[in-house]
Q: 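I am attaching a structure below and will ask some questions about it afterwards.
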Amino acid sequence: MRGLQLPLSQTQRIRLQRALEKLQSLSCKANSDASVTVADTIPVNYEDAFLKGHGTTDLNGDLVATVCGVVERINKLVYVRALRARYKPEVGDIVVGRVVEVSQKRWRLEINFSLDAILMLSSMNMPDGIQRRRTALDELNMRCIFEENDVVCAEVRNFQHDGSLQLQARSQKYGKLEKGQLLIVDPYLVKKSKQHFHHLEQFGIDLILGHNGFIWVGEHVEARDSMVVDQANSSEQSRVPEEKNQTHTPLEMRQNICRIANAVRVLSTLGFSIDADLILETVELSSTVKIDIHDMLGSEFHVLVAEREAERRSLMGKRKR
Amino acid sequence: MAAKPGSAPVTYSPNLGQKTRPPIFKDNDLDWVRPDGRGFHQCRPAFFRTGAVNSASGSAYAELGSTKVIVSVFGPRESKKAMMYSDTGRLNCNFSYTTFATPVRGQGSDHKEFSSMLHKALEGAIMLETFPKTTVDVFALVLESGGSDLPVVISCASLALADAGIMMYDLVAAVSVSCLGKNLVIDPVLEEESYQDGSLMLTCMPSRNEVTQLTFTGEWSTPDINEAMQLCLDACSKLGKVMRTCLKEAASASQE
């Protein structure tokens with residue numbers, strides 16, 4: 001069942017409810033008139049000129065909604081934002097996806113979209129970093145770069161004329177992701193920000209917040225710009241990845257990864273939008289309370305995080321005034 | 001005799017149809033007494049809840065009396081069959097019974113005719129052109145069959161589609177009426193369905209006042225047809241209101 005499914009004791013339930021009520025009263029968009037279901041008429045002033053956006057249609061001169069959601073008005077545009085829809089990609093978004101298929105000169109990635117995204121071989125940097133035409137040999141060696149079920153980070157390049165998505169992975173910070181965890185949250189919880197790649201120094205961990213709701217938490221990998229590397233070092237580098245594969249991730253690093261991943265899971269269950277600062281705060285909270293990693297998914301920690309968030313937002317509200 | 005308007009050539013016979021059946025009413029004046037004590041024109045109280053299945057894009061659970069169904073919707077997503085470019089999306093419906101759904105435990109069967117009826121009821125309401133080249137999969141599972149399974153599944157499926165955020169013209173509400181001798185009973189239970197002389201299932205879009213599917217089986221007289229259709233339309237509009245309150249509650253609960 002959707003929604004919070006936690007075994008809460010009586011006091012925990014009361015505390016959680018209080019915290020959530022506080023958050024709701026603080027949120028500026030508490031307008032219940034704006035929510036509509038399918039075929040509800042949308043209240044619009046018909047004398048003004050307005051544009052009918054997504055999720056609306058005309059019925060006998062009335063504007064009705066076609067999805068369940070919230071009515072948004074921006075200038076003259078009236079549209080309905082669905083509450084639980086698929087991820088809507090935009091050009092330039094950073095996404096994390098999983099390889100579903102290796103086809104001719106391209107990989108198919110599953111991102112949380114209605115179609116699979118396509119990553120062309122020509123949109124990938126070659127391992128030796130030289131810009132050249134992709135030959136038939138490159139095509140045959142595609143599997144050495146990415147295989148099925150690999151996790152890949154890429155950027156949205158453009159939309160094809162038939163609606164499918166093309167990705168590119170042209171710099172060193174994109175590419176295959178190893179030694180970490182992939183988390184799936186709802187896409188609307190990841191808001192657009194300037195930084196999507198976060199390097200948490202105190203843990204030595206990379207955090208990638210994909211716009212499509214796929215979040216990667218993994219061991220930090222040095223991103224080297226392949227343009228700087230010259231031919232002499234290329235043979236040495238080809239050996240280094242193999243050695244890396246054999247190095248063991250230390251236990252502490254794994255624990256840190258799990259702790260951060262659980263923090264993300266807690267935030268997504270509670271429905272808070274996910275950004276790096278909030279994750280760090282939650283992790284700090286968990287270490288100050290000295291809670292075990294697997295206890296982080298228990299009810300007590302959820303209640304603590306909700307209370308902490310309510311406090312934080314009320315403080316922010318007071319500071320603004 | 002019974003031909004469904006615009007459907008695949010499958011003859012539709014009443015459930016558990018027996019060739020020779022002794023008339024249940026010895027005199028024509030006797031009235032049928034409903035096993036659960038409802039009036040003839042009274043539907044069972046409906047319970048709807050969305051968000052039943054976490055892993056699906058949208059899902060809904062419906063319970064009307066002892067009929068319990070769960071519908072999950074996946075999509076829009078890619079599928080091998082939808083590889084050819086088309087301007088409109090595809091709708092793929094699957095209707096199945098669990099092994100413990102019927103009073104006699106049997107193999108969970110996959111009813112192809114119910115699947116295609118579900119498809120026809122829903123495709124009129126969904127805006128297929130909003131998801132070209134992709135497929136929406138609707139999987140309906142009847143957990144317990146207590147009579148009028150298909151109408152309950154259709155209503156539940158439209159709630160699941162609304163929950164998944166798929167654009168629709170309106171919610172689809174479905175109700176069926178059984179003809180028992182000279183009585184018309186709405187929302188029949190399993191026992192009534194086995195004794196019926198004829199049945200009518202009507203699915204409509206209440207706010208638009210449009211019918212997406214109409215299915216007649218058995219023997220009907222013209223005044224009965226008119227009365228039955230009127231009953232169905234009234235019941236559908238009431239059911240539509242119940243479905244809307246369910247969606248509104250779910251929406252207000254999830255807004256944070």
Side-chain angles (χ1 to χ4, degrees), chain A residues 1-5 20-21 23-24 26-27 29-32 34-41 54-57 59-60 62 64-70 80-86 88 100-101 108 110 112-117 160-164 184 186 188-189 270-273 306 309, chain B residues 49-59 61 74-79 82-87 89 125-127 130-136 158-159 161-172 205-210 240 243-256:
Chain A
M1 283 285 204
R2 215 178 291 147
L4 224 48
Q5 295 294 323
L20 290 175
E21 273 165 22
L23 282 169
Q24 209 158 15
L26 286 169
S27 72
K29 285 199 218 165
N31 187 3
S32 60
S35 83
V36 286
T37 43
V38 182
D40 270 350
T41 38
H54 279 295
T56 63
T57 188
L59 174 66
N60 303 333
D62 283 334
V64 289
T66 53
V67 283
C68 300
V70 179
V80 181
R81 178 173 54 89
L83 289 171
R84 297 184 65 242
R86 308 283 269 182
K88 279 202 174 66
V100 167
E101 194 191 330
R108 258 170 194 280
E110 184 219 332
N112 196 4
F113 183 47
S114 40
L115 290 172
D116 290 335
Q160 300 277 55
H161 51 93
D162 58 1
S164 60
I184 300 183
D186 287 323
Y188 58 84
L189 293 175
L270 289 169
F272 297 147
S273 28
E309 179 67 16
Chain B
R49 189 56 61 87
T50 54
V53 177
N54 263 333
S55 59
S57 310
S59 57
Y61 170 75
F74 292 91
R77 63 179 178 180
E78 260 203 52
S79 86
M83 279 312 229
M84 298 297 298
Y85 180 73
S86 60
D87 283 333
I126 301 180
M127 297 173 135
T130 52
F131 48 94
K133 214 185 169 204
T134 50
T135 304
V136 168
S158 81
L159 273 182
L161 285 165
D163 186 45
I166 293 177
M167 293 199 184
M168 299 196 288
Y169 290 109
D170 190 11
L171 295 173
V172 179
M205 299 199 275
S207 306
R208 288 194 170 226
N209 217 17
E210 287 174 10
M243 286 159 73
R244 265 166 202 296
T245 42
C246 159
L247 282 175
K248 280 204 161 54
E249 272 171 25
S252 59
S254 66
Q255 267 182 356
E256 177 128 316

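The analysis underlying the following values was restricted to heavy atoms, covering all of them including side chains, and did not include hydrogens, waters or symmetry mates. Naming convention: chains lettered A, B, ... in sequence-line order (proteins, then strands); numbering from 1 in each chain.
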Q: How many angstroms lie between atom NZ of B:Lys133 and atom CG of A:Leu115, to the nearest 0.5 angstrom?
A: 6.0 Å

Q: With sequence neighbours excluded, what pairs up with A:Ser164 under the side chain to side chain donor-acceptor pair (under 3.5 Å) test?
A: A:Asp162

Q: Compare every heavy atom of A:Ser114 with every heavy atom of B:Thr134, then report the nearest pair and how far apart it is.
A: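 Heavy atoms only, the tightest pair is CG2-O, 3.5 Å.
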
Q: Which atoms form the tightest heavy-atom contact between A:Val38 and B:Arg244, and what is the distance?
A: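 For A:Val38 versus B:Arg244, the nearest heavy atoms are O-NH2, 2.7 Å.
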
Q: Does B:Arg77 use its side chain to pair, donor to acceptor, with the backbone of A:Asp116 at less than 3.5 Å?
A: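 Judged by distance alone, no pair lies under 3.5 Å.
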
Q: Sort B:Met205 into side chain, backbone, both or neither according to what part of it lies under 4.5 angstrom from a heavy atom of chain A.
A: neither

Q: Heavy-atom cut-off 4.5 Å, strictly under: side chain, backbone, both or neither for A:Asn60 against chain B?
A: neither

Q: Against chain A, label B:Ala164 side chain, backbone, both or neither, depending on which of its atoms sit under 4.5 Å from a heavy atom there.
A: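 Backbone of B:Ala164 only, per the 4.5 Å heavy-atom cut-off to chain A.
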
Q: Kindly give the heavy-atom pair with the smallest separation between A:Gly55 and B:Met167, and that separation in Å.
A: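 Between these two residues, the closest heavy atoms are N-CE, 3.4 Å.
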
Q: Give me the atom names and distance for the closest heavy-atom approach of A:Cys68 to B:Leu247.
A: SG-CD1, 3.8 Å

Q: Taking every heavy-atom pair that is under 4.5 Å apart, which of B:Asp170, B:Leu161, B:Thr130 has the most such pairs with chain A?
A: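 Greatest number of close heavy-atom pairs with chain A: B:Asp170.
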
Q: Dump the intermediate steps for side-chain contact (heavy atoms from CB on, under 4.5 Å) on B:Glu78 and A:Val100, then the final yes or no.
A: CA-CA 12 Å; B:Glu78 260 203 52; A:Val100 167; over 6 Å; no

Q: Checking B:Ile166 against chain A: side chain, backbone, both or neither under 4.5 Å from a heavy atom?
A: backbone

Q: For A:Glu110, give me all partners under side chain to side chain donor-acceptor pair (under 3.5 Å), at least two apart in sequence or on another chain.
A: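 A:Glu110 satisfies side chain to side chain donor-acceptor pair (under 3.5 Å) with no other residue.
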
